[in-house]
There are 2 protein chains.
Amino acid sequence: MKTKNKNVMTLEEFKEKNYGKRGTKKRDELEAGYENFKIGVLLHQARLEKGLTQEELAAKVGTTKSYISKIENNIKEARISTLQKIVELGFGGHLELSIKL
Amino acid sequence: MKTKNKNVMTLEEFKEKNYGKRGTKKRDELEAGYENFKIGVLLHQARLEKGLTQEELAAKVGTTKSYISKIENNIKEARISTLQKIVELGFGGHLELSIKL
DNA sequence: ACGCAAGTTTCACTTTAGTGAAACAATGTT
DNA sequence: AACATTGTTTCACTAAAGTGAAACTTGCGT
């Protein structure tokens, strides 16, 4: 059977693991207004909240776990239409975006 | 000298002009949950609010008016990073996006 | 320590955004 | 009508996203 979703990483832990501690050049560069950085984290968090594995999510959306991994880690910049598909088909939610002037 | 920005089109007028009246297949298809549809309109509106021509905006962002036209009309799906550049450099604003579960 | 499940990375290929120039169309001004 | 401004479209090319398969890595559980 499936193992329970015990240890859900905090946002900070996730960032630290993947991008280093706050204050390091790598991390700072990524966080400097780079919206894409946030996308991967949002997706990662949403997936954990729903208790899905990358593979399960991929199946719902109609893609592969390797692609999910890449966008969660911001290795590839997913399109808006792709993000929408993931959020809708994968989580039953929706994407929202707006321009703040 | 530059002509005053007299006739700012309403959102509905803009949509009607570019995609047809509400109820037509073309318009309905585009509006059916297609976030990209909204992007072009948001960008168009923001540009008019700032009183910029496509060419002026393009110069600020470092691209051409032909590209601006394409994304306002959703002919090309701009990347998130590109949208950010436009909103920041062109309008001095920022893009916001979130996942609603 | 082994084996399984979950996630990451690499390789290779297709599609599409990003881009500019230039032609074209539409709209407004005198 | 002629002209100027603004916006759209086409053509063509380059870089990067989108994608899958499969190999590889990293825990976790017994």
Side-chain angles (χ1 to χ4, degrees), chain A residues 1-9 13-19 34-37 39-41 43-87 89-90, chain B residues 1-9 13-20 34-36 39-41 43-87 89-90:
Chain A
M1 105 215 15
K2 195 145 158 315
T3 57
K4 241 307 155 14
N5 201 347
K6 205 82 96 23
N7 41 350
V8 173
M9 211 177 270
E13 286 168 343
F14 178 81
K15 287 184 175 181
E16 200 163 305
K17 171 171 177 270
N18 290 282
Y19 310 102
Y34 202 62
E35 193 70 24
N36 296 320
F37 176 67
I39 301 294
V41 175
L43 235 39
H44 179 81
Q45 290 294 113
R47 183 171 63 77
L48 294 185
E49 272 175 40
K50 292 283 181 179
L52 295 170
T53 65
Q54 289 183 340
E55 198 159 25
E56 288 167 339
L57 174 58
K60 285 190 173 209
V61 176
T63 181
T64 59
K65 60 183 184 161
S66 91
Y67 182 57
I68 300 293
S69 173
K70 281 167 203 163
I71 61 181
E72 280 190 10
N73 289 295
N74 300 296
I75 291 168
K76 292 277 171 94
E77 181 182 354
R79 284 187 209 147
I80 294 170
S81 57
T82 303
L83 289 174
Q84 261 173 229
K85 259 198 290 187
I86 293 171
V87 175
L89 302 179
Chain B
M1 109 216 9
K2 193 144 160 313
T3 57
K4 238 321 162 0
N5 200 346
K6 206 82 96 26
N7 40 353
V8 174
M9 212 178 270
E13 287 167 344
F14 177 82
K15 287 184 176 181
E16 199 164 306
K17 172 170 177 270
N18 290 282
Y19 309 102
Y34 204 60
E35 193 70 23
N36 297 320
I39 300 293
V41 176
L43 234 40
H44 179 81
Q45 290 294 113
R47 181 171 64 78
L48 293 185
E49 273 175 40
K50 292 284 181 179
L52 296 170
T53 66
Q54 289 182 339
E55 199 160 24
E56 289 167 339
L57 174 58
K60 286 192 171 206
V61 176
T63 181
T64 57
K65 59 183 183 157
S66 90
Y67 182 56
I68 300 294
S69 173
K70 281 166 203 163
I71 62 182
E72 279 190 10
N73 290 294
N74 300 296
I75 291 167
K76 294 268 171 106
E77 181 183 354
R79 285 187 208 145
I80 295 169
S81 56
T82 303
L83 290 173
Q84 263 173 225
K85 258 198 292 187
I86 294 172
V87 175
L89 302 179

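Since the model is a prediction, treat every value here as computed from it, not as a measurement. Lettering follows sequence order; numbering is per chain, from 1.
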For this session: Looking at every strand, decide which applies to B/Ser69 at a 4.0 Å heavy-atom threshold: base, sugar-phosphate, or nothing.
Result: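 Base contact - B/Ser69 has a heavy atom under 4.0 Å of at least one base atom.
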For this session: Name the nucleic acid region contacted by A/Ser66, choosing base, sugar-phosphate or nothing; use a 4.0 angstrom heavy-atom cut-off, strictly under.
Result: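 Touches a base.
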Interatomic distance where [atom1] belongs to [X] and [atom2] belongs to [N] [whole Å]:
X: B/Lys76; N: D/dT10; atom1: NZ; atom2: C1'; result: 11 Å
X: A/Glu55; N: D/dT19; atom1: CD; atom2: P; result: 17 Å
X: B/Leu83; N: C/dA17; atom1: CG; atom2: P; result: 12 Å
X: A/Glu72; N: D/dG18; atom1: CD; atom2: P; result: 15 Å
X: A/Gln84; N: D/dG18; atom1: CD; atom2: C1'; result: 16 Å
X: B/Ile80; N: C/dT16; atom1: CD1; atom2: P; result: 18 Å
X: B/Asn74; N: D/dT9; atom1: CG; atom2: P; result: 12 Å
X: B/Ile68; N: D/dT5; atom1: CD1; atom2: P; result: 20 Å

Nucleotide nearest [X] when distance is taken to its side chain, options [options]:
X: B/Arg79; options: D/dG7, C/dA17, D/dT19; result: C/dA17
X: A/Thr53; options: D/dG7, D/dA21, C/dA6; result: C/dA6
X: A/Ile75; options: C/dT8, C/dT9, D/dT19; result: C/dT9
X: B/Glu77; options: D/dG20, C/dA17, C/dG18; result: C/dA17
X: B/Thr82; options: C/dG18, D/dT19, D/dT8; result: C/dG18
X: A/Ala78; options: D/dG18, C/dT19, D/dG7; result: D/dG18

Problem set entry | Residue-phosphate contact under 4.0 Å: B/Tyr67 side-chain N/O, C/dT19 OP1/OP2 |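 No.
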For this session: Verify the contact: side-chain N or O of A/Asn73 to OP1 or OP2 of C/dG7, cut-off strictly under 4.0 Å; return yes or no.
Result: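 Result: no.
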Problem set entry | Polar pair under 3.5 Å, donor/acceptor by atom type, side chain A/Lys70, base C/dT10 |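 When only heavy-atom distances are counted, A/Lys70 does reach the base of C/dT10 through a donor-acceptor pair under 3.5 Å.
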Problem set entry | Steps toward side chain to side chain contact (heavy atoms under 4.5 Å, CB included) verdict (A/Tyr67, A/Thr82) | CA-CA 11 Å; A/Tyr67 182 57; A/Thr82 303; 3.5 Å; yes
Exercise. Taking the side chain as C-beta and beyond, is there a heavy-atom pair between A/Ile68 and A/Leu43 under 4.5 Å?
Worked result: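 With C-beta onward as the side chain, the pair stays apart.
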Exercise. Just wondering, do A/Ile86 and A/Thr63 contact through their side chains at under 4.5 Å, heavy atoms?
Worked result: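 Side chain of A/Thr63 against side chain of A/Ile86, heavy atoms only: no contact under 4.5 Å found.
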For this session: Find which nucleotide of DNA chain D each of B/Gln54 and A/Lys65 is nearest to by heavy atoms, and output the residue with the more 5' nucleotide.
Result: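 Nearest nucleotide further toward 5': that of B/Gln54.
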Problem set entry | B/Glu77 side chain to A/Ser81 backbone, donor-acceptor under 3.5 Å |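 Yes.
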Exercise. To the nearest 0.5 Å, how far apart are NZ in A/Lys50 and CD in A/Gln45?
Worked result: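 So the gap between those two atoms works out to 14.0 Å.
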